[in-house]
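Structure first, then comments.
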Amino acid sequence: MIITRYEQNPILTADQVPFDVNSIFNPGAVKYKDEYILVCRAELPVGRSVLVIARSSDGIQFTVDAKPCLSPEDHGVYHKYAAWGIEDARVTHIGDTFYLTYTGYSQYMPLIILAETKDFVNFHIHGPISEPSNKDCVLFPEKINGKFWRIDRPSAELRRDIWMSSSPDLQHWGDYRFVMAPALGTWETNKIGGSTPPIKTKDGWLMLYHGVRGFDISSIYKLGALLLDLEEPWKVIGKTTDPILSPMMDYERVGDVNNVIFANGCIPEENGELKIYYSGADTNICLATVQISDLIAACK
Ligand code: BMA
């Protein structure tokens with residue numbers, strides 16, 4: 001399968017952020033009114049993250065907003081669940097609203113927080129939609145059989161599997177179902193998690209996921225893809241065996257956390273190309289492109 005890194009990667013680094021940060025990485029991605037929007041995680045020098053928007057007209061050259069769009073302090077009564085930072089937003093367009101699902105990190109351990117915006121200027125925070133420990137939540141962009149669905153990754157003792165659940169209103173969740181476990185003894189043997197919100201194709205829901213192999217001194221994060229049944233989305237109907245993107249370039253190998261490729265946003269284009277916004281080594285933002293049809297073929 002042909003996946004192409006943008007030649008001038010990384011496309012965004014800390015020196016392009018107009019306020020003091022240690023790093024900018026792990027962006028959610030969406031198109032809004034002909035603009036490419038990245039909802040990026042910016043780690044402040046103190047070591048806690050906020051979310052900040054970067055905007056672009058061509059999907060390659062981005063300008064970062066002067067201020068964060070969401071900070072732990074914005075969370076009111078829920079602040080204590082986000083006090084150590086907010087991380088890794090996934091953005092899903094449902095109807096006329098963009099929903100953000102992100103990690104709230106605190107002494108209570110990671111949990112999932114839901115917020116929404118209609119214009120990427122004003123945001124409304126709904127609050128936690130899981131207990132800890134849970135992260136990597138992606139929403140499906142439309143109702144399936146009359147209900148909203150999400151994928152997440154609860155952490156149970158010794159298990160890091162992908163699960164899903166449904167909701168009538170995006171706030172109250174139930175109908176929990178197991179989706180997929182790591183393929184043991186492979187690149188994803190230790191844990192997996194949903195990366196990007198599922199894209200509807202005639203062959204199924206196409207979703208990127210990440211897999212981790214842990215070693216004594218480090219872990220290696222790689223990216224894979226899977227296909228879920230359109231009507232019964234807890235059924236995995238296809239999956240890449242090999243990773244589609246593995247740390248290889250210096251900007252993926254060396255950084256705050258070495259050997260990490262992590263993606264939580266991608267944008268499908270009308271010409272069939274998928275723009276994958278990903279981060280190298282928890283330090284920067286990069287771009288890779290692939291044909292959606294190639295990705296689907298690789299899942300089968
Ligand atoms: C995961 C998340 C990501 C991070 C990755 C690699 O658990 O915390 O934010 O990119 O680890 O360090």
Side-chain angles (χ1 to χ4, degrees), residues 26-32 37-39 41 51 53 69-72 74-82 86-106 108 110-155 161-179 193-200 204-209 228-235 264-268:
N26 292 3
V30 79
K31 256 191 184 170
Y32 169 64
I37 302 264
L38 298 182
V39 180
R41 169 177 173 189
L51 301 180
I53 293 175
C69 62
L70 285 173
S71 298
D74 301 326
H75 286 69
V77 293
Y78 302 120
H79 174 254
K80 62 181 172 190
Y81 308 120
I86 50 177
E87 306 176 352
D88 306 351
R90 276 76 172 177
V91 187
T92 310
H93 192 183
I94 309 178
D96 65 350
T97 305
F98 296 90
Y99 290 91
L100 277 64
T101 48
Y102 50 92
T103 304
Y105 192 35
S106 74
Y108 302 102
L111 50 65
I112 301 160
I113 298 179
L114 176 72
E116 66 169 80
T117 181
K118 286 191 164 58
D119 55 10
F120 293 96
V121 176
N122 300 296
F123 290 81
H124 173 69
I125 296 169
H126 291 281
I129 52 167
S130 81
E131 298 165 311
S133 184
N134 202 327
K135 50 163 58 171
D136 299 326
C137 176
V138 298
L139 301 175
F140 284 71
E142 61 184 62
K143 285 186 176 177
I144 303 166
N145 297 320
K147 288 185 286 188
F148 295 105
W149 288 87
R150 84 180 199 209
I151 291 229
D152 60 20
R153 210 283 309 284
S155 298
D161 302 333
I162 293 178
W163 283 67
M164 72 187 306
S165 50
S166 73
S167 169
D169 58 6
L170 293 170
Q171 305 224 36
H172 303 89
W173 294 88
D175 195 8
Y176 298 97
R177 290 162 193 255
F178 167 85
V179 179
S195 288
T196 57
I199 296 166
K200 194 175 195 179
W205 293 102
L206 177 66
M207 188 183 96
L208 303 182
Y209 75 99
L228 302 169
D229 186 81
L230 286 175
E231 291 297 314
E232 298 177 307
W234 52 90
K235 291 187 179 160
N264 41 295
C266 63
I267 296 181

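Between the S106 side chain and the Y108 main chain, a donor and an acceptor come within less than 3.5 Å of each other. Within the 3.5 Å criterion, the main-chain N or O of I199 finds no donor-acceptor partner in the side chain of W205. With N134 contributing its side chain and E131 its backbone, the two residues share no donor-acceptor pair below 3.5 Å. Here the side chain of T196 pairs a donor or acceptor atom with the backbone of L208 at under 3.5 angstrom. Although no hydrogens or angles enter the test, the distance criterion places a donor-acceptor pair under 3.5 Å between the side chain of R90 and the main chain of S195. Of the possible polar contacts, none joining the H79 side chain to the Y81 backbone as a donor-acceptor pair under 3.5 Å is found.
Among C137, P128, P154, P132, the one residue that satisfies the side chain to side chain contact (heavy atoms under 4.5 Å, CB included) test with I112 is C137.
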What do the steps show when you test S167 against I129 for side-chain contact (heavy atoms from CB on, under 4.5 Å), and what is the final call?
-> CA-CA 11 Å; S167 169; I129 52 167; over 6 Å; no

Can you list the steps and then say if N264 with D88 is a side-chain hydrogen bond (donor to acceptor under 3.5 Å, both in side chains)?
-> CA-CA 7 Å; N264 41 295; D88 306 351; 5.3 Å; no

Applying side-chain contact (heavy atoms from CB on, under 4.5 Å), run through L70 and Y102 and close with a yes or a no.
-> CA-CA 11 Å; L70 285 173; Y102 50 92; 3.9 Å; yes

Go through the steps for I37 and I53 under the test side-chain contact (heavy atoms from CB on, under 4.5 Å), then give the verdict.
-> CA-CA 7 Å; I37 302 264; I53 293 175; 3.9 Å; yes

Output, in order, the C-alpha distance, side-chain angles, deciding distance and verdict of side-chain contact (heavy atoms from CB on, under 4.5 Å) for V39 and F98.
-> CA-CA 11 Å; V39 180; F98 296 90; over 6 Å; no

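Taking CG of D96 as the start and NZ of K118 as the end, the distance is 4.5 Å to the nearest 0.5 Å. Considering CG of D119 and OG1 of T97, their distance stands at 10.5 Å, rounded to 0.5 Å. Interatomic distance, CZ of F148 versus NE2 of H172, reported as 13.5 Å (0.5 Å rounding). With rounding to the nearest 0.5 angstrom, the CZ atom of F120 is 8.5 Å from the SG atom of C69. The CG atom of L51 sits 8.0 Å away from atom OG of S71, with the distance rounded to the nearest 0.5 Å. Within the model, atoms NZ of K143 and OG of S166 stand 11.0 Å from one another, a figure rounded to the nearest 0.5 Å.
The shortest distance between side-chain heavy atoms of L228 and M164 does not fall below 4.5 Å. Taking the side chain as every heavy atom from C-beta outward, R150 and S130 approach each other to under 4.5 Å.
Between W173 and W149, the closest heavy-atom pair is CZ3-C, 3.8 Å. Taking all atoms of both residues into account, the shortest heavy-atom contact from Y78 to H126 is CE1-O, 3.6 Å. Closest of all the heavy-atom pairs between L38 and A29 is CD2-CB, 3.6 Å. Minimum heavy-atom separation, P198 to P141: O-CD, 3.4 Å. Nearest approach of I86 to G104, heavy atoms of both residues: CG2-CA, 4.5 Å. Listed here is the closest heavy atom pair of L114 and L170: CD2-O, 3.4 Å.
Heavy atoms of other residues, nucleotides or ligands lying less than 6.0 angstrom from NZ of K31 number more than 12. No more than 12 heavy-atom neighbours from other residues, nucleotides or ligands sit within 6.0 angstrom of OH on Y105.
Remark: D136 engages R153 in a salt bridge, criterion side-chain N to carboxylate O under 4.0 Å.
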